[in-house]
Colleague: 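Sharing a structure with you now.
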Amino acid sequence: MTATCEQPCPAPRPPPPGPWVTARAGARAMVPLLAGVAPFGAVVGATVAASSVDPWVGWSTSWTVFGGTAQLSAVTLLDAGAPLVVLVTTVAIINLRLAVYAAALAPHWRGAPRWWLALACYLLVDPSYALGAQHAATDPTPAEHRAFYLGAGLTLWVGWLVACAAGIAVGDRITDVVPPGLVSELMLVSLVAPALRAVEQRVAIVVAAAAAVVLLALPLGTGTLVAAGAGALAATVLTARRVAAQLGHDDDRSEVSS
Amino acid sequence: MTAWLAVGLLGVVSYALRSVVVLVLGDRALPTSLERFVARLAPAVLAAMVAGSLAKAVLAGSGGSGAFAVAPAAAVRVASVLAGGLVAARTGSVGRALGVGLVTYLVLTRLLGA
């Protein structure tokens, strides 16, 4: 006698799309962010063009450093003839946030092949982190997530290299229309705003933003990291208090019922 | 040659920062409390970057006047970013947020002559 469902049997889950389909979805998801990133890349290129740094050396930062703010600092310091230790320290501090992004995505990358991890780490920067985190929140299979992230990351990488090259080629004509600082701010705020839906992250974001304004004077952009730490700490304390209050409320109810 | 070496070294340092956590952890998990803390920290970094950038723009626009006054250009920039942020928070769409933000910037710039 065959077993039957007491309730209507749930529809079988459709088979997941193939890796190429998922990778293309990741690439498509990255396109709007590229619209925000490209002008910033053009500014980096224009900065290289306006400096005494060799254009090929300047452009090579787009695939070695692969981070706009760090590249701008590197080109500026190279142009000024800064000592190597200052150059490396500055870029390291600016890029310290990438270690935070890696730690945030690491749980979703567990079990991935070594070659994939090596490439994924190389492609990790603000837009690829944000899209990767958003996609991971939809509870995909590990293979889906890996394909999506690679599609998004590689699209960003190619677009970034082209944008930097275009900036070197045409100088500041691209940036005359809209300030590139505005475009990168719009891109970053559009990545972080959806996180405001969660109370914990709302607290972290608001406190971090307020602290960043107060800590603006800290050197080498360290104010950003300190502010972010303050935001995350505030959210952690608030969550702990809420949990303690909830546990206290539950204890009171159990005492009353007994 | 020195510039090429410097850029190469910067690449190594940047990659090390991106990969050290992942490669050290391997298949091990972070403690749950640390995982949650990092999950709060990452968006806080993005928020701090936006706020810091806008604050610099506002300060640069206010110049050295004794009374704090926000230059029209800086006010337009803040308004544009807020508009884009509102759209992103409601729709979750990066494209729409960028579009609304840029349109807001262009319209306000025209209106105020900033």
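Chain A is the first sequence line, chain B the second, and so forth, proteins listed ahead of strands; every chain is numbered from 1.
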Colleague: Return the set of residues passing side chain to side chain contact (heavy atoms under 4.5 Å, CB included) with B:V21 (not counting sequence neighbours), or none when no residue passes.
Modeller: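 Side chain to side chain contact (heavy atoms under 4.5 Å, CB included) list for B:V21, sorted by chain: A:A99, A:A102, A:A103, B:L25.
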Colleague: Relative to chain B, which of A:P107, A:A106, A:A70 shows the most heavy atom pairs under 4.5 Å?
Modeller: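 The option with the most such pairs is A:P107.
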Colleague: For the residue pair B:F37 and A:L233, what are the closest heavy atoms and their distance?
Modeller: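 What the structure gives for the nearest pair is CE1-N, 3.7 Å.
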Colleague: Do any pairs count as a salt bridge (Lys or Arg N to Asp or Glu O under 4.0 Å) and have a residue in residues 78-107 of chain A, sequence neighbours left out, and if so which ones?
Modeller: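 For residues 78-107 of chain A: A:R97-A:D126.
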Colleague: CZ of A:R202: more than 12 outside heavy atoms within 6.0 angstrom?
Modeller: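 More than 12 within 6.0 Å, yes.
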Colleague: Return yes when atom CH2 of A:W116 has more than 12 non-hydrogen atoms of other residues, nucleotides or ligands closer than 6.0 Å, and no otherwise.
Modeller: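 Result for CH2/A:W116: enclosed.
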Colleague: How long is the straight-line distance from CG of A:L84 back to CG of B:L10, given to the nearest 0.5 Å?
Modeller: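 Spacing of CG (B:L10) from CG (A:L84) equals 7.5 Å.
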Colleague: Please find the pair of heavy atoms, one from B:Y15 and one from A:A118, that lie closest to each other, and give the distance.
Modeller: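 Heavy atoms of B:Y15 and A:A118 come nearest at OH-O, 2.8 Å.
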Colleague: Please look at A:L105 and chain B and tell me whether the side chain, the backbone, both or neither of the residue comes under 4.5 angstrom of a heavy atom of that chain.
Modeller: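 For A:L105, there is no contact with chain B at all, as no heavy atom is under 4.5 Å.
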Colleague: Given B:V7, which partner from the list A:V65, A:L78, A:V53, A:V75 fulfils the side chain to side chain contact (heavy atoms under 4.5 Å, CB included) test?
Modeller: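 Single side chain to side chain contact (heavy atoms under 4.5 Å, CB included) partner of B:V7 among A:V65, A:L78, A:V53, A:V75: A:L78.
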Colleague: Quick check on A:L216 against chain B: is it the side chain, the backbone, both or neither that has a heavy atom closer than 4.5 Å?
Modeller: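 Side chain only.
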Colleague: Please round to the nearest 0.5 Å and tell me the distance separating atom CG of A:N95 and atom CZ of B:R18.
Modeller: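 The distance works out to 6.0 Å.
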Colleague: What is the distance from atom OG of B:S19 to atom CG of A:L119, rounded to the nearest 0.5 Å?
Modeller: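 That separation rounds to 12.0 Å.
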Colleague: I need the minimum non-hydrogen distance between A:V189 and B:G84, along with the two atoms involved.
Modeller: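 That closest heavy-atom pairing would be CG1-C, 4.3 Å.
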Colleague: Please classify the contact of B:L17 with chain A as side chain, backbone, both or neither, using a heavy-atom distance under 4.5 Å.
Modeller: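 For B:L17, backbone and side chain are both near chain A.
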Colleague: Could you look at A:Y129 and say if it's the side chain, the backbone, both or neither that has a heavy atom under 4.5 Å from chain B?
Modeller: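 Interface part for A:Y129: side chain.
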Colleague: Is chain A contacted by the side chain of B:R90, its backbone, both, or neither, given a heavy-atom distance below 4.5 Å?
Modeller: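 Looking at B:R90, just its backbone touches chain A.
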Colleague: Specify the closest pair of heavy atoms between A:A212 and B:A48, including all atoms of both residues, with the distance to one decimal.
Modeller: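 Taking A:A212 first and B:A48 second, the nearest heavy atoms are CB-O, 3.4 Å.
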Colleague: Please determine, among B:T91, B:V87, B:L82, B:V81, the option with the most heavy-atom pairs under 4.5 Å with chain A.
Modeller: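 Answer, by heavy-atom pair count under 4.5 Å with chain A: B:V81.
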Colleague: Between A:G231, A:A120, A:A209, A:A133, who has the most heavy-atom pairs with chain B when the cutoff is under 4.5 Å?
Modeller: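 Highest number of pairs under 4.5 Å: A:A209.
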Colleague: For A:L87, which atoms come within 4.5 Å of any heavy atom of chain B: side chain, backbone, both, or neither?
Modeller: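 Contact with chain B: backbone and side chain both.
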Colleague: At a heavy-atom separation under 4.5 Å, does A:W63 approach chain B through its side chain, its backbone, both, or neither?
Modeller: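 Nothing of A:W63, per the 4.5 Å heavy-atom cut-off to chain B.
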Colleague: Can you give me the closest heavy-atom contact between A:A193 and B:G85, atom names plus distance?
Modeller: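 Of all heavy-atom pairs spanning A:A193 and B:G85, the closest is CB-O, 3.4 Å.
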Colleague: Kindly give the heavy-atom pair with the smallest separation between A:P32 and B:L98, and that separation in Å.
Modeller: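 Smallest heavy-atom distance, with atoms named: O-CD1, 3.0 Å.
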Colleague: For each of B:V20, B:V12, B:L54, tally heavy-atom pairs with chain A at distances under 4.5 Å, and name the one with the top tally.
Modeller: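 Of the candidates given, the most pairs with chain A belong to B:L54.
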Colleague: Count the heavy-atom pairs under 4.5 Å between each of A:A230, A:S60, A:A104 and chain B, then report the option with the highest count.
Modeller: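 Of A:A230, A:S60, A:A104, A:S60 has the most heavy-atom pairs under 4.5 Å with chain B.
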Colleague: Side chains of A:L98 and B:S14: closer than 4.5 Å at any heavy-atom pair?
Modeller: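 The answer is no, as the side chains (C-beta and beyond) never meet within the 4.5 Å cut-off.
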